[in-house]
Number of protein chains: 2
Amino acid sequence: MSAGSPFFSATESSAPRRDRTRQALLQSALTEIHGAGFQAASLSRIVAGAGVSKGALYHHFPNKLALGYAVFDQPITDYIVKTFIEPLQNAEDPIECMHRVGTMERDRMLEQGVTLGCPLVNLSQEMSPVDEGFRTRIDALLTLWRNNWADALRRGQENGYVRSDIDPIAEATLMIATRQGSVALTKTAQSLNLLENVMTAFISYLDRLRPDDWTSRKAKIGTES
Amino acid sequence: MSAGSPFFSATESSAPRRDRTRQALLQSALTEIHGAGFQAASLSRIVAGAGVSKGALYHHFPNKLALGYAVFDQPITDYIVKTFIEPLQNAEDPIECMHRVGTMERDRMLEQGVTLGCPLVNLSQEMSPVDEGFRTRIDALLTLWRNNWADALRRGQENGYVRSDIDPIAEATLMIATRQGSVALTKTAQSLNLLENVMTAFISYLDRLRPDDWTSRKAKIGTES
DNA sequence: ATATATATACCGACCGGATGGTATGTAGGT
DNA sequence: ACCTACATACCATCCGGTCGGTATATATAT
């Protein structure tokens, strides 16, 4: 159950009504925005998809922009944090963890289909030049992500998992850019083959981020544990 | 057949009226689409920008979509081919050439500003899921680009400029994805610092694409010439 | 328990405006 | 006289957003 407050779990049927419509609106808006982009997203289709009326929408959100912000702040941000930021938080070996995260993303795209891309990538691309509110939100999330991965790489350097002659923040930036572009390209090509190509090159790129003496050092680490 | 003759470049003023209007429309449409995206682009603003009327537009193009296709097929495709594909066609050392192309792109973005991104990237992102005509056009151009860079890398392998244990098509795909993502990220961050970070990592990535004995081999090649 | 009062949650018809597209008219070269 | 190359006025449609009104849940009083 999607509990609202962690304290007052509220009686199942009475409290949730407001929350249920709000969640339905957010979900429907996410789908619509994901499919059509924010500007082309139609409020009529959103309320239809949520099974409520326009009055309900404007009872919960002052305007379309606020709805868009809410969609970004909640479902989209949650997904990125959970999928890309938290796993690297305490990863011992960042390269191995990035490899795993990348592979999981690939698998998820294979399942869910590849035509619509990633909501974050789409919004970033569409709304950054158009609306400053969206831009700052997206920028903040991407900066968080970037710093998080850079920190992970830096720790990896200290612990001998990552070669020391690379710039962590630069490499982290490159990786995120690569993901952004991969999703976009795959969407255009509608080809899993392209996605596999990118993964192949990305993995070999990750390997080349290891220290030169990694193979022997790896064995040593293995015996220590 | 009519105009666009590669020989008679036509003094600006003597160019047939028809072509001038058409070019003005294409140029204005490119600007508008670049700034607002295709779907949000307004035909009224386009004709105003071109200094002609709506009747002129619909005399040259049957509808908005056809105008969009024309913008893609001519100015956008031309730019990509000239900037990214032709230089690699006969490059002796692909890595050095990619390095140069990347640096020139970076400089161009510094000059022209970074807020609007690249028309190809924008269109690819926006229109691929929405319109099949756009999608196939973009896909064809990207495929051309990808194959062109992959061929260059393969030749580089044969001539000892590129390490042999990488997959040319995979690496080419990764590079294009990286550019796609870099442009998008930079647009969102509105930060030249981010662009510099990506360039730093990209250059070091290119270096790691050299054969292990590159430093010595490079000296040898140097003396040969 | 029942009736009343009040605030919340929601409905759906409607509005001004902008959009892509069309129908009709006209200027100008040949 | 005729066809190309445009201009102007106009249309149907959809958009985001508003607003008067209704259902529903809860608090209070009886």
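So that the names make sense, note that chain A is the first sequence line, chain B the second, and so on, each numbered from 1. Predicted, not measured: the structure shown is a model, and the values here were computed from it.
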Next item on the list: Could you tell me the separation between the CZ atom of B:F61 and the P atom of C:dT22, rounded to a whole number of Å?
Entry: 16 Å
Note to self: What contact category does A:A41 fall into here, base, sugar-phosphate, or nothing, at under 4.0 angstrom with non-hydrogen atoms?
What the structure shows: sugar-phosphate
Check: Around atom CG of B:D107, are there more than 12 heavy atoms of other residues, nucleotides or ligands at under 6.0 Å?
Finding: yes
Next item on the list: Could you check how far CG of A:L57 sits from P of C:dT8, rounded to whole Å?
Entry: 19 Å
Check: Which word best sums up how the rings of B:F72 and B:F134 line up, parallel for under 30°, tilted for 30 to 60°, or perpendicular for over 60°?
Finding: perpendicular
Check: Going by the angle between their ring planes, with limits at 30° and 60°, are A:Y79 and A:F84 parallel, tilted or perpendicular?
Finding: perpendicular
Next item on the list: Write down the distance between NZ (B:K64) and P (C:dT19), rounded to a whole number of angstrom.
Entry: 9 Å
Notebook entry, point to check: Side-chain N or O of B:S53 less than 4.0 angstrom from OP1 or OP2 on D:dT8?
Noted result: no
Note to self: What's the closest nucleotide to the side chain of A:L43 if the choices are C:dT19, D:dG16, D:dA7?
What the structure shows: D:dG16
Note to self: Can you see if the side chain of A:H60 gets near the phosphate of C:dC10 - specifically, an N or O under 4.0 Å from OP1 or OP2?
What the structure shows: yes
Next item on the list: Spell out yes or no: do the side chain of B:K54 and the base of C:dG21 have one donor N/O and one acceptor N/O closer than 3.5 Å?
Entry: yes
Check: Please give, in whole Å, the distance from C:dG20 C1' to B:L67 CG?
Finding: 12 Å
Notebook entry, point to check: Do A:E126 and A:Q39 have side-chain heavy atoms sitting under 4.5 Å apart?
Noted result: yes
Check: Quick one: B:R20 CZ to D:dT4 P, roughly how many Å, whole number?
Finding: 20 Å
Checklist line | Separation of C:dT19 C1' from B:E32 CD (nearest whole Å) | finding: 12 Å
Item checked: Residue B:S44, side-chain atoms from C-beta onward, closest of D:dA7, D:dC6, C:dT19 -> C:dT19
Next item on the list: Measure from OH on B:Y58 to P on C:dT24 and round the result to the nearest Å.
Entry: 17 Å
Checklist line | Exceeds 12 heavy-atom contacts within 6.0 angstrom, atom CG of B:D78 | finding: yes
Next item on the list: Compare the minimum distances between each of D:dC6, D:dC15, C:dG20 and the side chain of B:T21, then state the nucleotide with the smallest one.
Entry: D:dC6
Note to self: Please compare B:G51 and A:L65 by the position of their nearest nucleotide in DNA chain D and report the one closer to 5'.
What the structure shows: B:G51
Margin query: Please pick, from D:dG17, D:dG16, C:dC10, the nucleotide with the shortest atom-to-atom distance to any side-chain atom of A:A56.
Written below: C:dC10
Note to self: Counting only side-chain heavy atoms from C-beta out, which of C:dG21, D:dC6, D:dC15 sits nearest to A:R45?
What the structure shows: D:dC15
Item checked: Distance test, side-chain N/O of A:H59 to OP1/OP2 of C:dA9, below 4.0 Å -> yes
